[in-house]
S.K.: 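Dropping the structure in here first, questions after.
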Amino acid sequence: MRIYLVRHGETEWNRVRRFQGRSDLPLNKEGRKQVRALALALKNKPLIAIYTSPLIRALETARLIKVYHPSVPIFEEKGLIEMHLGEFDGMKVQDWAEQYPDIRKVWNENPASVKMPGGESLKEVQDRAKKTLERITRIHSPNDTILISSHNFVNLTILCDLLKIPLNRFRELHQKNAAFNVICKKEDRFYVELVNERSHLEKQKE
């Protein structure tokens, strides 16, 4: 089984570096352009199903990819929704860094220990994302190819789990807008073939 795990395209809050979390923003013009390039890169993949976070930026991403796969169904999965950032949702990154130096210090040094005030921890995100991935893949046959459209922290925690990277080291991985990852499942074992692939965006600039 092959799973294409994608991150949504750019939103305005991504552009201005504002924490997005559960805030439901659409893709901006650049984000739609990015995802059209992503969709073209995945055009010939034999997808049989698309699963997406219910947030509009991920849903728009899924729908733009589906343009090349018109008969493929899209299913919304709450377990793929972005990390709940609680009180920090909507804050500019710079403002957060200045107003919460103590939390920032712990987040930089020991991120796995941080639970966002009113929100989630990385472990909580990882647990629900992992359960969702396992449940989705059990539905399908061993030779199926599916796509998952989700978010930065969801994708990072899934990849950390599969690559056996502790959550405190999640920054060793990257999930940029409109990137895709390739995950394979053989019997009950997952392995990662590709991480943060964005060469399609470079081709777009040519």
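Values below: all heavy atoms of this structure, side chains included; hydrogens, waters and symmetry mates excluded. Residues take their numbers from the sequence shown, with the count starting at 1. Quick caveat, the model's predicted, so the values are computed rather than measured.
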S.K.: Of the non-hydrogen atoms in Gly79 and Thr132, which two are nearest, and what is the gap between them?
M.R.: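 Shortest heavy-atom contact: CA-OG1, 3.4 Å.
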S.K.: Flag the pair Tyr51 / His140 as yes when their ring centroid distance falls below 6.0 Å, and as no otherwise.
M.R.: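 Yes, they do, as the ring centres are separated by less than 6.0 Å.
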S.K.: So, are Arg32 and Glu10 salt-bridged, with charged N and O less than 4.0 Å apart?
M.R.: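 Salt bridge between Arg32 and Glu10, a charged N being under 4.0 Å from a carboxylate O: no.
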S.K.: Whether Arg22 engages the ring of Trp13 as a cation-pi pair (distance to the six-membered ring centre under 6.0 angstrom, angle to the ring normal within 45°) should be assessed.
M.R.: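 So Arg22 doesn't make the cation-pi contact.
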S.K.: I'd like to know if the side chain of Ser23 pairs up with that of Asp89 as donor and acceptor (distance under 3.5 Å, no hydrogens or angles considered).
M.R.: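 On atom types as modelled, these side chains qualify, holding a pair under 3.5 Å.
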S.K.: Heavy-atom count around Lys115 NZ within 6.0 Å, excluding the residue itself: above 12?
M.R.: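 More than 12 heavy atoms, drawn from other residues, nucleotides or ligands, come within 6.0 Å of this atom.
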S.K.: Are side-chain heavy atoms of Ile183 and Glu193 found at a separation under 4.5 Å?
M.R.: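 No, every pair of side-chain atoms sits at 4.5 Å or beyond.
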S.K.: Salt bridge check: are Lys131 and Asp127 linked by an N-O gap of less than 4.0 Å?
M.R.: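 Salt bridge between Lys131 and Asp127, a charged N being under 4.0 Å from a carboxylate O: no.
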S.K.: Glu109 vs Lys105, test: salt bridge (Lys or Arg N to Asp or Glu O under 4.0 Å). Steps then yes/no.
M.R.: CA-CA 6 Å; Glu109 296 174 358; Lys105 184 174 188 294; 3.1 Å; yes
S.K.: Would a distance-only check, ignoring hydrogens and angles, find a side-chain to backbone donor-acceptor pair under 3.5 Å from Ser150 to Leu80?
M.R.: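 Here the side-chain-to-backbone pair exists.
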S.K.: Would Glu12 and Arg15 pass as an ion pair if we require N to O under 4.0 Å?
M.R.: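 Looking at Glu12 and Arg15, the cut-off is met.
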S.K.: Salt bridge check: are Glu124 and Arg128 linked by an N-O gap of less than 4.0 Å?
M.R.: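 Salt bridge between Glu124 and Arg128, a charged N being under 4.0 Å from a carboxylate O: no.
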S.K.: Identify the heavy atoms of Ser141 and Asp144 that sit nearest to each other, and give their distance.
M.R.: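 So the minimum-distance heavy-atom pair works out to N-OD2, 2.9 Å.
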S.K.: When you compare the side chains of Asn152 and Gln175, does any donor N or O come within less than 3.5 Å of an acceptor on the partner?
M.R.: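 No, no side-chain donor-acceptor pair sits under 3.5 Å.
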S.K.: Answer with yes or no after comparing the ring centroid distance for Trp107 and Phe19 against a 6.0 Å cut-off, counting only values under it.
M.R.: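 No, the ring of Trp107 stays outside the 6.0 Å limit from the ring of Phe19, centre to centre.
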S.K.: Kindly give the heavy-atom pair with the smallest separation between Glu76 and Pro54, and that separation in Å.
M.R.: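 Between these two residues, the closest heavy atoms are OE1-CB, 3.3 Å.
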S.K.: Any non-hydrogen side-chain atom of Glu197 less than 4.5 Å from a side-chain atom of Asn181?
M.R.: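 Side-chain contact under 4.5 Å: no.
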S.K.: Measure the shortest side-chain to side-chain distance between Ile56 and Leu25 over non-hydrogen atoms and say whether it is less than 4.5 angstrom.
M.R.: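 No, every pair of side-chain atoms sits at 4.5 Å or beyond.
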S.K.: Do Ile158 and Leu133 have side chains that approach each other closer than 4.5 Å (heavy atoms only, starting at C-beta)?
M.R.: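 Yes, close enough: below the 4.5 Å cut-off.
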S.K.: Indicate yes or no: at least one non-hydrogen side-chain atom of Ile165 is less than 4.5 angstrom from one of Leu159.
M.R.: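 Heavy-atom side-chain distance check fails, nothing below 4.5 Å.
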S.K.: Would you say CZ of Arg17 has more than 12 non-hydrogen atoms from neighbouring residues, nucleotides or ligands within 6.0 angstrom?
M.R.: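 Atom CZ in Arg17 is not packed in, count stays at 12 or less.
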S.K.: Can you get from Ile74 to Val67 by hopping between Ile, Leu, Val, Met, Phe, Trp and Tyr side chains that sit under 4.5 Å apart?
M.R.: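 No: no chain of side-chain contacts under 4.5 Å links Ile74 to Val67.
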